[in-house]
Amino acid sequence: MTEGETGGVWTFSEQRNGKIHPVSYELLGKGREIADELGTDLSTVLLTPDGSETEELIHRGADRVYLSESPAFGEPDEDLFKKNLLSLLEEKEPEIFLIGATNFGRSLAPRIAAALKTGLTADCTGLEIDDEGRFVQIRPAFTGNVLAHIHTSTRPQMSTVRYREFEEAERDPENSGEIVRVPPETKDGGRVDILRVSEEEEISLEDEEVIVSGGRGLKDPKDFELLEGLATPLEGEIGASRPLVDDGWIDRGYQVGYSGRRVKPKIYIACGISGASQHLAGMKDSENIVAINSDPSAPIFGVSDYGIVGDLYQVVPELTELLEERCGSNEG
Amino acid sequence: MTEIIVPVKQVPDIEKVKFDRGEGRIDRSSAESEPNPFDLNALEEAVVLKERVGGRITALSMGPPQAESTLQKTLARGADRAILLTDRSFAAADTLATSVTLATAIKKIGDFDLIICGEKTVDGDTGQIGPEIAQLLDIPHVAYVSEVLERNDSSLEVSSDVWGKSYIKRLNFPGLITVTKDVNEPRLPKLKDMLEAREAEIERWGFEDLSSLVEKDRIGYEGSPTSVDEIEVAPEAERKGEIIRGDPSKAAAELVEKLEKDGILEEVKT
């Protein structure tokens, strides 16, 4: 029997090569709220090749960290992570278990839920305790037009939680908690071999604070350079609507929309994007939306904070120049 | 011979389907049904594997009797066999109960080498069915496969997009992969195959066909631990809605001025 309590609220602390992913701190922020409302404690599980960041999870509000260290956790091996998590979950029987809805989390969580024969709610954007003390999971459905409120009758109640939906838990070095060391289990061989990893980082639009996206209003694939010019002084990244991706103008990793990335940057600049519901589903939660479109009736203006009715080929260079001056002088 | 299984869901055309904000639900009569687009990438990958190493493809769907048309389309695109799981007792299933039903049907189909799923469906949007089926069948899975690098009759070498990178993994059969839209470009079916498939008989299995392999309380509504209590129309964010017209250079200047005044540029240039 491992030390530590049974029940409670649990989160999965996702790490990549030992570095804790920020969604883990967001889960701790939300998990802390839920645990406090339920009058229970907050535990997190960290399976890592390098436990040097473990204390940080306690500073971010965990009462307890179940820490398992093994070089094998340096690779995204769902089978291995599942096996290690299952042993703990079966023994400790948490009430609630939250996992970040990263690709890895979305791949791992269903295996665990199926093994425990419990319910799993995907991609939650809200988690609450209702008046009767029940755990309510809220997720967008049908391209974000509605929010479904879901409850789970089995335990643990499992949710994957969208990245950048909740605030990171604030850091307080005074927070105290315990670290429970758990011996790692090794995996059954012969099923999946991880051969190598590409050196190139995948672009991660979800992490960007500024995104300048292009749509059908662009006339040529090379015109993304124009958008890059605008993104550069703002230290942003470019994006695209689906038609341009489908036509092979730009890699699918840049696609913003329901079937692409869902982003919520501080500033989203839509250039020549009409605003089909497919696209809006991927960016309508951005903090500030700027639209540049020559068609004054384009639906994108309906969700924008600032709209310029005009030709992007004229407006974007002007805007770039002004921002280069503005942001350049800001640094000096 | 490689036995390949492709689970397929019939979904409304999400680009066209109308949403009734008053009722808080989609109006399913407003758009045609079609195979889930991601599942077509899964099927295409199955066809490529069959062409390279030989094999047989079984398309499997759970849904109402009308989902037959979706399975006919899979036959036109290269599936050799199509099975529709249709029964009132399968209905109102969440992802777990759906996965249990599909996994049970796969057990009944018998030996298989590879299951290929789309990364998610456009209507449910969970991406959970693939990994859940893999767990229920106790086989390994690799998710978010964006490229298949090598194929043979006992394993695949694939590129999986996780942890912000591409991990190259070898999956030894039997196993399951979920594929993204990057994995291939589904070929359009030939007219002759489409016409032929339209006449094809689709096998139908109900609960009776699976009853020796699964308890009734693990499928359908009863087997679903999650339930929707309430649907609310998503609140729309308040937007300033300021529209600037006129000369491009003046409009650009006005925009920058507004962004500065509202403190937005400062937020991003800290």
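To find a chain, count down the sequence lines: A is the first, B the second, and so on, and within it residues start at 1.
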Practice task
Test B:Ile168 against A:Val197 for side chain to side chain contact (heavy atoms under 4.5 Å, CB included), laying out the working first.
Solution key: CA-CA 6 Å; B:Ile168 313 304; A:Val197 55; over 6 Å; no
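- Contact annotation for A:Leu322: only side-chain heavy atoms (C-beta onward) come within less than 4.5 Å of a heavy atom of chain B.
- For chain A, the option among B:Ser227, B:Gly241, B:Ala143 with the highest count of heavy-atom pairs below 4.5 Å is B:Ser227.
- Chosen from A:Val136, A:Ile289, A:Ile112, the residue pairing most often with chain B at heavy-atom distances under 4.5 Å is A:Ile289.
- Neither the backbone nor the side chain of A:Val316 comes within contact range of chain B; no heavy atom of the residue lies under 4.5 Å from a heavy atom of that chain.
- What you find for B:Trp163 and A:Phe73 is that their closest heavy atoms are CH2-O, 3.5 Å.
- Proximity to chain B is absent for every atom of A:Ile203, based on heavy atoms less than 4.5 angstrom apart.
- In this structure, A:Leu120 CG and B:Thr226 OG1 are separated by 8.5 Å, a value rounded to the nearest 0.5 Å.
- Only the side chain of A:Val210 comes within contact range of chain B, with heavy atoms under 4.5 Å apart.
- Among residues 213-225 of chain B, the residues having any heavy atom closer than 4.5 Å to a heavy atom of chain A are, in sequence order, B:Arg218, B:Pro225.
- For A:Thr121, the parts lying near chain B are the backbone and the side chain together; criterion is any non-hydrogen pair under 4.5 Å.
- Per-residue counts of heavy-atom pairs under 4.5 Å with chain A were compared for B:Lys165, B:Glu232, B:Glu242; the largest is that of B:Glu232.
- Using a 4.5 Å cut-off between heavy atoms, A:Ala141 does not touch chain B at all.
- Within 6.0 Å of atom CD in A:Glu321, 12 or fewer heavy atoms from other residues, nucleotides or ligands are found, so the atom counts as exposed in its surroundings.
- Residue contact with chain A, scored on non-hydrogen atoms closer than 4.5 Å, involves the backbone and the side chain of B:Val122 alike.
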Exercise for the section: Would you check, one step at a time, whether the test side chain to side chain contact (heavy atoms under 4.5 Å, CB included) holds for B:Asp138 with A:Arg191? Expected result: CA-CA 11 Å; B:Asp138 191 25; A:Arg191 308 221 311 171; 3.5 Å; yes
Practice task
Quick one: do B:Ile231 and A:His149 satisfy side chain to side chain contact (heavy atoms under 4.5 Å, CB included)? Show the steps, please.
Solution key: CA-CA 6 Å; B:Ile231 295 271; A:His149 291 228; over 6 Å; no
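- Across every non-hydrogen atom of B:Lys240 and A:Asp305, the tightest pair is N-OD1, 3.1 Å.
- Against chain A, the residues from residues 180-187 of chain B that qualify, each with a non-hydrogen atom under 4.5 angstrom away, are B:Lys181, B:Asp182 in number order.
- Of the atoms belonging to B:Ile139, it is backbone heavy atoms, and not side-chain ones, that fall under 4.5 Å from chain A.
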Exercise for the section: Would you please test B:Glu132 and A:Lys117 for salt bridge (charged side-chain N to carboxylate O under 4.0 Å, His left out) and show each step? Expected result: CA-CA 10 Å; B:Glu132 288 198 333; A:Lys117 298 181 184 172; over 6 Å; no
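- Top candidate by heavy-atom pairs under 4.5 Å with chain B, chosen from A:Ala109, A:Gly105, A:Ser198, is A:Ser198.
- The contact between A:Pro296 and chain B is made entirely by side chain atoms (from C-beta outward), counting heavy-atom distances below 4.5 Å.
- Distance check, rounded to the nearest 0.5 Å: OG of B:Ser249 to CD of A:Gln314 gives 9.5 Å.
- Contact check on B:Lys169 versus A:Asp77 returns no salt bridge, with no Lys/Arg side-chain nitrogen under 4.0 Å from an Asp/Glu carboxylate oxygen.
- The residue among B:Pro248, B:Ala103, B:Pro140 with the most heavy atom pairs within less than 4.5 Å of chain A is B:Pro140.
- Side-chain atoms of A:Val290 and B:Leu255, non-hydrogen and from C-beta on, do get closer than 4.5 Å to each other.
- With contacts defined as side-chain heavy-atom distances shorter than 4.5 Å, the pair B:Val256/A:Leu319 qualifies.
- Residues B:Asp125 and A:Arg262 are paired through a salt bridge, judged by an N-O separation under 4.0 Å between the basic side chain and the carboxylate.
- Looking at A:Glu14, the atoms closer than 4.5 Å to chain B (heavy atoms on both sides) all sit in the side chain, from C-beta outward.
- A distance of 6.0 Å separates CD in A:Glu78 from OG in B:Ser160, rounded to the nearest 0.5 Å.
- Neither the backbone nor the side chain of B:Phe173 comes within contact range of chain A; no heavy atoms are under 4.5 Å apart.
- Taking each heavy atom of B:Asp161 and A:Asn103 in turn, the nearest pair found is O-ND2, 2.8 Å.
- The greatest number of non-hydrogen atom pairs below 4.5 Å with chain B, out of A:Asp79, A:Thr160, A:Val309, A:Thr154, is found for A:Val309.
- Here the side chains of B:Asn172 and A:Val192 are not in contact, with every heavy-atom distance at 4.5 Å or above.
- Chosen from A:Ala148, A:Ser204, A:Gly310, the residue pairing most often with chain B at heavy-atom distances under 4.5 Å is A:Ala148.
- Annotation for B:Glu230: atom CD counts as buried by contact number, over 12 foreign heavy atoms lying within 6.0 Å.
- Contact annotation: the side chain of A:Tyr306 never approaches that of B:Arg239 to less than 4.5 Å [non-hydrogen atoms, C-beta and beyond].
- Closest approach of A:Pro76 and B:Tyr167 over heavy atoms only: CD-CE2, 3.3 Å.
- In this structure, CD1 on B:Ile243 lies 10.0 Å from CD1 on A:Ile308, to the nearest 0.5 angstrom.
- Shown here for A:Ser107 and B:His141, the closest heavy-atom pair between the two residues is OG-NE2, 2.8 Å.
- Interface residue A:Gln278: only side-chain heavy atoms are found under 4.5 Å from chain B.
- With chain B as partner, the option from A:Arg106, A:Lys266, A:Lys82, A:His21 having the largest number of non-hydrogen pairs under 4.5 angstrom is A:Arg106.
- Looking only at heavy-atom pairs under 4.5 Å with chain A, the residue among B:Ser99, B:Pro131, B:Gly124 that has the most is B:Pro131.
- For residues 283-296 of chain A, the side chain to side chain donor-acceptor pair (under 3.5 Å) pairs, not counting sequence neighbours, are A:Asp295-A:Ser297.
- Residue B:Gln135 comes nearest to A:Ala115 through the heavy atom pair NE2-CB, 3.4 Å, listed as atom of the first residue, atom of the second, then distance.
- Below 4.5 Å, heavy atoms of chain A meet heavy atoms from B:Thr95, B:Leu96, all part of residues 91-98 of chain B.
- The candidate with the highest count of non-hydrogen atom pairs below 4.5 Å against chain B, out of A:Ser277, A:Ala276, A:Pro110, is A:Pro110.
- Residue B:Glu119 does not touch chain A at all, counting heavy-atom pairs closer than 4.5 Å.
- Using a 4.5 Å cut-off between heavy atoms, A:Arg242 contacts chain B through its side chain alone, with no backbone atom that close.
- Counting heavy-atom pairs closer than 4.5 Å to chain A, the top residue among B:Leu171, B:Asp229, B:Asp262, B:Leu259 is B:Asp229.
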